[in-house]
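Every value quoted in this text rests on a predicted model; they were computed, and no experiment measured them. So you know, we letter chains A, B, ... as the sequences are listed, proteins then strands, and number each from 1.
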Amino acid sequence: MSDAGRIVRVLPDVSGLDKRFDYVVPARWAESVDVGALVRMDLHGRRVAGWVVEVDVDPPAGVELREITKVSSLGPDQAVIDIATWAAHRWSGRVAPLLKMASPDTMVDQLPSGPGPRTLPAPPADLANDIAEVFGRPGVTVVRTPPNADLFPWLLGAAALGDGIVVTPSIGMARFLGGQLRRAGGRVALAGRDWALGAAGGTVIGARKAAWGRVRQLAYSVVIDEHDERLQEERNPTWHARDVAIERARRAGAPAVLLSPAPSPVALRLADHVIAPSRSAERASWPIVEVVDRRDGDPARGGLFSDELVRVLRSTTNRVICVLNRKGRSPMLACAGCGELVRTHDGERLMSEVDGELVGPGGERRPLVCANCGGTKLKRLRLGVSRAREELEALAGEPVAEVTSEVDAADVGRERILIGTEAVLHRVNNADAVVFLDFDQELLAPRYRAGEQAMSLIVQAARLVGPRAGGGRILIQTRTPDHRVLRGALSADPGSFASEESALREAMSFPPFGALAEIGGPPAGDFVEPLLDRLDINVLGPRDDGRYLLRADGPDELATVLAETPRPKGRLRVAVDPPRA
DNA sequence: CGGACAAGCTGA
DNA sequence: CAGCTTGTCCGG
C-alpha cells in the first residue's frame, strides 16, 4: 500500500452499472472512511455517489487511481453489505438498489449514543411460555396467530433480547406497534427516518425496508403478517423481506420469528418450528364466515346479488364493504343449466372461449361443453364495479360509494355501503361486514399463488370486521364453494388450508418445492436457449406475452444458473420469485 | 447510467 | 460532407 492514503473499493450508485472501482482516500479522511461509508467521487467524467464496500484493497495494476472527493455519510455496516450481496445474487439483481434501501434518508456523520439499561413489562402469562421458547432458540419459527390477536406481546418478547429488526407489511402498522413499544419503555427506531438511532441500538421497525436496517448487534428478526404480499418488492430485484430477515438472523445465530394468521407455504417450508394456537382460541378470533353458492344465481346480473347479501345489508346498521375484483380480463363462463363455472381439468383455473373452443391458461382445450352436466349453453358473467354499484344502490335503497385505488383512505365517503376492488380493504379501518361479491375471480386467478392470495384477502376482511363474538361477519359469494380456501375460512382453520395448499404445490413442483424466475424482454428467447436441454432446469413457455418461466429445484440452484448463463445484449428482464406468475 | 466516439443516414 | 441519429463501449 502506498503512503498516499488507503485504497478503498467503491460501488457507484449508478443504475445500470454493477461494477466496483478503486479510489484513494485522502489522508484527512483516513479515519472517517470505513466499510459502508457513503462517498462521492469522479467516475468517467461525472461526479457520482457510492458505497465503500471494501477497505485496504490491492488495486488492479496499470490503473491510475483517483481520490474520493467527499465523505457524505455513515451507511450500512459490513453485515448489511454482505446481505445485500447475497440478496442481489438470490434475486438476480444489482447490489446498488439494495444498498440504497439500507442507507439513511438524510446524511449521518455520527451515531447517537446507544440505549441505556431498560426494563420492559413481562408478556402476558398465557403467552409467556411460547414467547420464551420462540425467542430462546435460533432458527426459524412460524407462529400462527389468530387474526384478531394482539401482536404486541411478541414484539415485547423480541425487544427484551436487545437489538433487532421487525418487519411489518405497512408503515402504518409499524408506527402503531412501534409507538406501543416506545410507551412500554423500549428503544424504537422507525426504519428509514430513524436510521441513525437504530444503528446505535434498539428495535428497528418498519415496512419491508426495515429488513435492511442497520443494527448494533442483531438478536432477532421478526416478520409480522408474513402472508402479506407487500413484504415483497415489486421492482427488480424482487427481494422478499421475509427471506432477507431470515438470512440476517441465520448469520447472526439469532431467532427469526414469522407471525401470521395464515402462514404461506414458503414460511412453513422454511420453518424449523411451528407454533399454532388452540383450535378454540383460533376459531374465536375469526369472524363468522358464510359461503354462498351462486351457481343458481342470475347470470344476467352477473350472479352478484344473493338473498344473503340483501339480508346482510338490511341486518346491519354500520358499514358494509363489498369487494369486486374485475379488472379487464375476459368474462367468466358459467353453464346456463347447472351454474358451474367453466374450469380447467384440475379445477384450478378459469377457461375462456377462443374460436369456438374452451381454452385454459396452460393451453388446455376442449369443446364448448359443461364438464359438470354436459350442457352446451354457456353464459358470460360480466359486470364491472360501476354497474355493480348502481345495481347495489337500487337493491339497498340507499347511496353506495365506489372506492378505487386512487381514493385516499381519508377521502372515503360517509356512505354506509362501500364497493370497490380489494383496495377498499386497505382504505377502511372497520366494518360490520365484508362481502366478496365474486370470489371466484380470486380463487381461480391464473397465478400459482392465487389460493394463498385469496386467503390473505379473507384475513384482511377478518380484521376489519373483528371476531365472531362481536358480530363480525364475512360473506363470500362463489360458484366454487368446495374450494380449499373456502373450506379453511369456513372452519376458521387456516392450518388445514395450508396443508392442502402445500401438498398441491409439492405435486406440481411449484415453490416452495422448487424456485421460479420469469424471463422477459426481447432477448428472452436467446437467454433461455442454452438451458433448454438441461435436466436441472425446466423452461416453460414462451407464453403469449413472450415471457418464459424457469424452474429449478431451489432458490440457490436457480440463482446460480441465472448468474452463470450469459446475458444476450438487449433489455432482458429477470424476475425471481415472480409474484404474479 | 450517460459520455465518447464511430459508423450509418440524409439532404441539397 | 456537415449535421444528425443510432449503436457500442466503458468507467478506477
Quick one: side chains of residues 505-523 of chain A, donor-acceptor pairs under 3.5 Å with protein atoms, not counting sequence neighbours, listed by atom name and distance.
from: A:R505; atom 1: NE; to: A:E501; atom 2: OE2; distance (Å): 3.4
from: A:R505; atom 1: NH1; to: A:P511; atom 2: O; distance (Å): 2.9
from: A:R505; atom 1: NH2; to: A:E452; atom 2: OE1; distance (Å): 2.6
from: A:R505; atom 1: NH2; to: A:E501; atom 2: OE2; distance (Å): 3.4
from: A:E518; atom 1: OE1; to: A:R547; atom 2: NH1; distance (Å): 3.4
from: A:E518; atom 1: OE2; to: A:R543; atom 2: NH2; distance (Å): 3.1

Determine all donor-acceptor pairs shorter than 3.5 Å in which one atom belongs to a side chain in residues 572-581 of chain A; sequence neighbours excluded.
from: A:D577; atom 1: OD2; to: A:R90; atom 2: NH1; distance (Å): 3.2
from: A:D577; atom 1: OD2; to: A:R90; atom 2: NH2; distance (Å): 3.1
from: A:D577; atom 1: OD2; to: A:W91; atom 2: NE1; distance (Å): 3.0

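DNA chain C is contacted by no residue of residues 80-95 of chain A, taking any non-hydrogen atom closer than 4.0 Å.
Considering all non-hydrogen atoms of both residues, A:Y220 and A:G202 come closest at OH-O, 4.3 Å.
A:V10 places a side-chain heavy atom less than 4.5 Å from the side chain of A:I68. Side-chain contact check for A:V223 versus A:L231: some heavy-atom pair is nearer than 4.5 Å.
Sorted by first and then second residue, the ring pair (Phe, Tyr, Trp, His ring centres under 6.0 Å) pairs involving residues 13-51 of chain A (not counting sequence neighbours) form an empty list. The list of salt bridge (charged side-chain N to carboxylate O under 4.0 Å, His left out) pairs with a residue in residues 24-41 of chain A, not counting sequence neighbours, is empty.
What separates CZ of A:R567 from P of C:dT8 is a distance of 18 Å, to the nearest Å.
Tested against A:E233 for a salt bridge (Lys or Arg N to Asp or Glu O under 4.0 Å), the candidates A:R208, A:R242, A:K209 yield a single pass: A:R208.
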Restricting to nitrogen or oxygen on both sides, can you table the protein-nucleotides 9-12 of chain C pairs closer than 3.5 Å?
from: C:dG11; atom 1: O4'; to: A:H44; atom 2: ND1; distance (Å): 2.9
from: C:dG11; atom 1: N2; to: A:R46; atom 2: NH2; distance (Å): 3.3
from: C:dG12; atom 1: OP1; to: A:H44; atom 2: N; distance (Å): 3.3
from: C:dG12; atom 1: O3'; to: A:D22; atom 2: O; distance (Å): 2.8
from: C:dG12; atom 1: O3'; to: A:R66; atom 2: N; distance (Å): 3.1
from: C:dG12; atom 1: N2; to: A:D22; atom 2: OD2; distance (Å): 3.2
from: C:dG12; atom 1: N3; to: A:D22; atom 2: N; distance (Å): 3.3

